[in-house]
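Please read these numbers as outputs of a predicted model, since none were measured by experiment. Throughout, protein chains are lettered first and strands after them, A, B, ... in sequence-line order, and every chain is numbered starting at 1.
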Number of protein chains: 2
Amino acid sequence: MTQVASRADGRRAAGQRSRAAILAIAVDLASSEGLEGLTIGRLATEARMSKSGLFAHFGSKQGLQLATVERAREIFTDEVIAPALGAGQGPTRLCGVLNAWLSYFERGVFAGGCFFIAASSEFDDRGGPVRDAVDGAMEAWIEFLEQLCAEAVADSAIPAGDPGQLAFELNAIGIATNWELRLRRNADAIPRARAAFERVLAGGAA
Amino acid sequence: MTQVASRADGRRAAGQRSRAAILAIAVDLASSEGLEGLTIGRLATEARMSKSGLFAHFGSKQGLQLATVERAREIFTDEVIAPALGAGQGPTRLCGVLNAWLSYFERGVFAGGCFFIAASSEFDDRGGPVRDAVDGAMEAWIEFLEQLCAEAVADSAIPAGDPGQLAFELNAIGIATNWELRLRRNADAIPRARAAFERVLAGGAA
DNA sequence: CCTACCGATCGGTAGG
DNA sequence: CCTACCGATCGGTAGG
């Protein structure tokens, strides 16, 4: 029963490949032009498809935006969170994540810089499912950082301090790094960020 | 000769009032919907004017965007920079600016949060005069912060440290505060920012 | 997955 | 500062 792929299975697989190819373009486009600037017409041109052919994959512009946010979240997880999870304990893990985060900025994993920082700024004054998806991804990120800080404090690897305050300060440094790299085109942001991370982790947070 | 206002003077004054009224709406609209989302049609509706009547003030959408950035810069200067300039010396001045900056975030001086953080994110991947205007405003801000840090170090009010690194870290905290307030709707960002400012200024920067 | 089409809105212009 | 208009593009639909 499972040996022979049916015609329907072949169609479904092709559809999934097509969808994946569209989303690979969409995340880069949205990171530079915004999730509203991601128009169906332009995306169709870049994916060499008809507008309505592309449209059929997502049902609405909002569906396309939600799928794009979800795909960006997978990429962020693969690039920043997953590599550090396998390696080491509390404090090593925290340093691993911070290094992976800087590397993600530096390599330009998304064509227009950090997808989620851009999407935060674009959607922070709106309501609706897209804003909720962006906020949900960011909440998970901040909670993850906070948990790593709590582990590092528990291991006495860094001075005692409020994990929430530590996570706020570490997150601030990362956001500013993306800003320096993208707007100011200042490559010094990377060493600056490293020095700032070290000071936060060495100093403890009230 | 200067006693009697000519008909032309009256017209010019009315034109300037109209322009100022348009830009007051434009900065708020752009801070929430973006400088591209600031469409001439919608702005005209909110200003109770015809599209072409509004258009005539600026000549092009880019002209409108540039005028909006300039007006936002004046507001930022009035709210954050000017108040602290009159009062006190080096370190007092630095604290005054940081407090005024937090107050500016907290009061929501622009309807959609910090105009320049939003515009940075929107235009960082483009070229052209609007990007240059945003970058120019941000460069002036960072240099101003750096100068205040250098003064505070020179006055021995804070431990010796690289003013550029100090300014990077202080700026990071402000950007993250806007992000916490707008996306995460987390009012704790204000006390968190105050604690972070104090730690940066107490610790010195390598 | 396509062609062909819809009404709405975009930035911008003509002419007054 | 207005009315009336332009071509282009938007999100989305019909029908295959």
A.B. asks: Say you draw a straight line from OG of B:Ser120 to CE of B:Met138; how long is it, rounded to the nearest 0.5 Å?
C.D. replies: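 Answer rounded to 0.5 Å: 3.5 Å.
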A.B. asks: Which value, rounded to the nearest 0.5 Å, describes the distance between B:Ser60 atom OG and B:Phe55 atom CZ?
C.D. replies: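 Between atom OG of B:Ser60 and atom CZ of B:Phe55 there are 6.0 Å.
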A.B. asks: Any Lys/Arg nitrogen of B:Asp125 or A:Arg182 sitting under 4.0 Å from an Asp/Glu carboxylate oxygen of the other?
C.D. replies: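 A salt bridge links B:Asp125 with A:Arg182.
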A.B. asks: How does DNA chain D look in dot-bracket notation if pairs are Watson-Crick or G-U with both distances under 3.5 Å, crossing ones as [ ], other-strand ones as |?
C.D. replies: ||||||||||||||||
A.B. asks: Specify whether A:Phe110 and A:Phe115 have parallel, tilted or perpendicular ring planes, treating 30° as the upper limit for parallel and 60° as the lower limit for perpendicular.
C.D. replies: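 Correct class here is tilted.
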A.B. asks: Go through it in stages, so that I can follow the logic: the residues are A:Leu43 and A:Lys51, the test is side-chain contact (heavy atoms from CB on, under 4.5 Å), and I'd like the CA-CA distance, side-chain angles, deciding distance and then a yes or no.
C.D. replies: CA-CA 8 Å; A:Leu43 186 54; A:Lys51 257 177 59 176; over 6 Å; no
A.B. asks: For A:Val200 and B:Arg199, which heavy atoms make the closest approach, and how far apart are they?
C.D. replies: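 Here A:Val200 and B:Arg199 meet closest at CA-NH2, 3.6 Å.
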A.B. asks: State whether B:Phe123 and B:Arg126 meet the cation-pi test: NZ (Lys) or CZ (Arg) under 6.0 Å from the six-membered ring centroid, and within 45° of the perpendicular axis.
C.D. replies: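 The answer is yes; both the distance and angle limits are met.
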A.B. asks: When rounded to the nearest 0.5 angstrom, what distance separates CZ in A:Phe197 from CG in A:Leu98?
C.D. replies: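 Between A:Phe197 CZ and A:Leu98 CG, I get 4.5 Å after rounding to 0.5 Å.
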A.B. asks: What residues in residues 17-37 of chain A put a non-hydrogen atom under 4.0 Å from any atom of DNA chain C?
C.D. replies: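 Correct list: A:Ser18.
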A.B. asks: Using a 4.0 Å heavy-atom cut-off, does B:Thr39 contact any base of the nucleic acid, only the sugar-phosphate backbone, or nothing at all?
C.D. replies: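 Here B:Thr39 touches the backbone only, sparing every base.
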A.B. asks: For chain A and DNA chain C, what are the first and last nucleotides along the strand, 5' to 3', with at least one atom under 4.0 angstrom from a heavy atom of the protein chain?
C.D. replies: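 Nucleotide range in contact with chain A: C:dC1 to C:dT3.
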A.B. asks: Could you check whether B:Arg73 pairs with B:Glu70 (Lys NZ or Arg NE/NH1/NH2 to Asp/Glu carboxylate O, under 4.0 Å)?
C.D. replies: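 Answer for the salt bridge query: no.
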A.B. asks: Answer yes or no: is there an ion pair linking A:Arg42 with A:Glu46, defined by an N-O contact shorter than 4.0 Å?
C.D. replies: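 A salt bridge is present here (some side-chain N lies under 4.0 Å from a carboxylate O).
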